[in-house]
Amino acid sequence: MSMVLYNDLTRSKEPFVPVHEGHVGFYSCGPTVYDYFHIGNARPFILFDTLRRYFEYSGYTVTFVQNFTDIDDKMINRANQEGISVSELADRFIAEYYKDADALGVRRPTHAPKATEHMDEIIGLVSTLIEKGHAYEVDGDVFFDVGSFPAYGVLAKQSLEELQSAARTEINERKKHPLDFALWKSKKEGEPSWPSPWGEGRPGWHIECSAMSMKYLGSTLDIHSGGTDLTFPHHENEIAQAEAATGKTFAKYWIHNGYLLIDKEKMSKSLGNFLTARAAREKFPPRAIRFFMLSAHYRSPINFSEESLVQAESAVERLDNCWSGLQHAKKNPGSEEGAGAGLADLLDGLEGRFREAMDDDFNTAAALGIVFEGVKGINTFLKENDGGDAKTLERAEAFLRTVDSILGVIGIDEEEARGDEEEIEILLKEREAARRERNFSRSDEIRDSLAARGILLEDTPQGTKWKRKN
RNA sequence: GGCGGCAUAGCCAAGUGGUAAGGCAGAGGACUGCAAAUCCUUUAUCCCCAGUUCGAAUCUGGGUGCCGCCUCCA
């Protein structure tokens with residue numbers, strides 16, 4: 001079974017065939033580190049992290065590269081506002097990025113290059129483009145010459161004329177064509193700058209991704225991803241820069257995630273209608289945020305609302321309850337081996353269907369539906385077999401672990417010892433004794449006092465189990 | 001103007017030719033001292049119209065509504 005991915009380059013689903021067998025070179029456009037990222041920004045981070053995890057589960061070695069844009073107009077403006085240097089600003093928000101991304105279960109990239117640390121590669125690429133006649137210098141600025149690259153518009157699926165007719169770009173007398181874009185910008189007063197053959201200056205935004213992606217992944221990447229708003233002009237320009245320089249296909253598969261909307265409008269910093277990931281995870285468990293992101297297809301727009309997150313939180317609790325039920329059953333095994341053959345078969349089948357769903361253009365919504373079928377199967381098994389046998393419990397646990405290693409939505413191994421476990425067990429025993437004596441006021445008192453500490457009890461036929469409320 | 005996306009139950013959302021996965025919420029029941037969890041049952045003329053077909057949520061044509069890109073943007 002092989003994967004099929006929707007490729008924006010061809011606007012169709014294609015079988016995934018990597019450049020090098022068994023390996024995936026994956027580049028995802030990362031954040032401009034001038035501020036906290038919002039949950040709209042979080043969507044690609046979570047989505048493409050999950051896709052990466054799935055490639056790894058499927059047996060690929062993945063080199064996952066996500067850059068930090070640490071020099072551009074927004075960086076300079078914000079640094080000036082804050083009265084700090086651009087690099088101080090970058091350091092600060094790269095650290096903040098990792099706080100949020102780590103909390104959301106986003107694995108760290110194989111490489112997380114910063115533009116400011118790749119000036120040699122950027123300048124080298126710009127030089128090559130000038131040499132090959134695809135770029136020209138005007139008074140210290142360097143522009144890409146879109147007229148020299150006939151394929152310009154492949155991603156946007158529009159001709160130069162069509163793109164130009166609606167262009168809102170200001171007329172710049174120095175550019176040959178209105179759509180020519182800056183590869184290198186000459187220094188302005190008070191801006192950070194680097195030496196170059198064209199004088200002091202800094203790179204344009206688009207060139208950094210081309211330069212850094214090819215440095216770490218070679219001249220042809222397998223996958224290049226980002227939000228759908230990057231399709232044009234950012235990704236179009238990346239293709240132009242890279243292919244004009246190398247003559248090779250830049251990326252085989254272009255995948256773009258749909259927007260996260262709020263009140264049916266795109267969430268963005270410029271519209272001001274955003275909720276930072278930081279604020280979101282203070283309000284909702286990070287796994288609920290992940291679940292929300294994965295509950296719809298990655299190319300569909302999703303509408304953020306408090307209600308959606310509350311629903312996701314409840315769904316995640318159902319997953320957690322299944323896991324904790326399993327853990328409780330392991331400590332209190334029930335019936336003999338053999339009773340679980342049906343469940344094992346069910347889970348085998350579900351794992352196959354899970355893979356099929358994920359292989360089909362990364363259909364996480366369908367995959368989650370299949371996971372819940374497994375949850376129901378496991379819950380029913382536990383109920384009908386008074387806990388069940390060790391072997392079947394292992395099988396069920398393996399199912400949830402597999403799912404979680406890819407989707408990251410189940411509360412596995414999150415429980416840390418806090419030193420009060422023994423005390424809780426003693427209280428549970430006391431409560432058990434009180435219940436036997438039908439001293440319910442005492443037993444409820446214990447339950448209430450534990451609840452006040454965030455510890456919830458459930459009386460099951462296999463004894464009382466407890467869990468911490470997040 | 002050009003390019004593109006979406007419309008499935010109260011809410012979220014899979015499903016691209018054979019009469020609708022899953023989650024949340026609701027109702028009834030089982031279990032329980034109670035609660036919680038769990039299980040069972042239950043909730044859809046698939047935006048509208050026309051067409052193709054033995055058969056369409058699914059294909060075609062025409063509407064309507066919503067959203068996005070073409071400017072920094074995930």
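Only heavy atoms go into these numbers, but all of them, side chains included; no hydrogens, no water, no symmetry mates. Lettering follows sequence order; numbering is per chain, from 1.
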Give the nucleotide from the list [options] with an atom nearest to the side chain of [X].
X	options	result
Gln311(A)	G22(B), C69(B), C11(B)	C11(B)
Glu307(A)	A14(B), C11(B), A36(B)	C11(B)
Phe372(A)	A14(B), C72(B), G22(B)	G22(B)
Asn257(A)	A74(B), U38(B), C34(B)	A74(B)
Arg438(A)	C34(B), G33(B), G22(B)	G33(B)
Ser314(A)	G22(B), A37(B), A25(B)	A25(B)
Thr32(A)	A37(B), G2(B), A74(B)	A74(B)
Lys376(A)	C3(B), C39(B), C73(B)	C39(B)
Arg431(A)	G2(B), A74(B), C34(B)	C34(B)

Considering Watson-Crick and G-U wobble pairs with both distances under 3.5 Å, what does [N] pair with?
N	result
A37(B)	none
C72(B)	none
A21(B)	none
U16(B)	none
A9(B)	none
G26(B)	U42(B)
G4(B)	C67(B)
A57(B)	none

Would you check if the distance from the ring center of [X] to the ring center of [Y] is below 6.0 Å?
X	Y	value
Phe55(A)	Phe16(A)	yes
His177(A)	Tyr152(A)	no
Tyr98(A)	Phe68(A)	yes
Phe181(A)	Phe143(A)	no

Heavy atoms under 4.0 Å, any strand shown: does [X] hit a base, just sugar-phosphate, or nothing?
X	value
Arg11(A)	sugar-phosphate
His297(A)	sugar-phosphate
Thr380(A)	sugar-phosphate
Leu260(A)	base

Problem - Under 3.5 Å donor-acceptor pair, Asp444(A) side-chain atoms to G33(B) base atoms - result: yes
Exercise for the section: Look at the side chain of Asp459(A) and the base of C34(B), then say whether one donor and one acceptor between them are separated by less than 3.5 Å. Expected result: yes
Report yes if at least one side-chain N or O of [X] is closer than 4.0 Å to OP1 or OP2 of [N]; otherwise report no.
X	N	answer
Lys266(A)	C69(B)	yes
Asn363(A)	G15(B)	yes
Trp205(A)	C73(B)	yes
Arg318(A)	A37(B)	no
Asn379(A)	C39(B)	yes

How many whole angstroms separate atom [atom1] of [X] from atom [atom2] of [N]?
X	N	atom1	atom2	value
Leu326(A)	U38(B)	CG	P	14 Å
Asn303(A)	G68(B)	CG	C1'	14 Å
Leu271(A)	C67(B)	CG	P	13 Å
Arg435(A)	C34(B)	CZ	C1'	9 Å
Arg436(A)	C34(B)	CZ	C1'	18 Å
Tyr259(A)	G5(B)	OH	P	14 Å
Glu236(A)	C69(B)	CD	C1'	12 Å
Ile370(A)	A13(B)	CD1	P	18 Å

Handout entry: Ring centroids of Phe440(A) and G33(B) base under 5.5 Å with planes under 30°
Key = yes
Handout entry: Contact summary for Met358(A) and Ala367(A), nearest pair of heavy atoms
Key = SD-CB, 3.8 Å
Handout entry: Taking every non-hydrogen atom, the tightest pair across His297(A) and Arg43(A)
Key = O-NH1, 3.6 Å
Exercise for the section: Please check if any side-chain donor atom of Tyr97(A) sits under 3.5 Å from a side-chain acceptor atom of Gln66(A), or the reverse. Expected result: yes
Exercise for the section: Say whether Asp404(A) and Thr402(A), considering side chains only, have a donor N or O and an acceptor N or O under 3.5 Å apart. Expected result: no
Problem - Upstream residue (5' side of RNA chain B) when Ala312(A) and Ile302(A) are each assigned their closest nucleotide - result: Ile302(A)
Handout entry: Gly258(A) or Arg447(A), whichever maps to the more 5' nucleotide of RNA chain B
Key = Arg447(A)
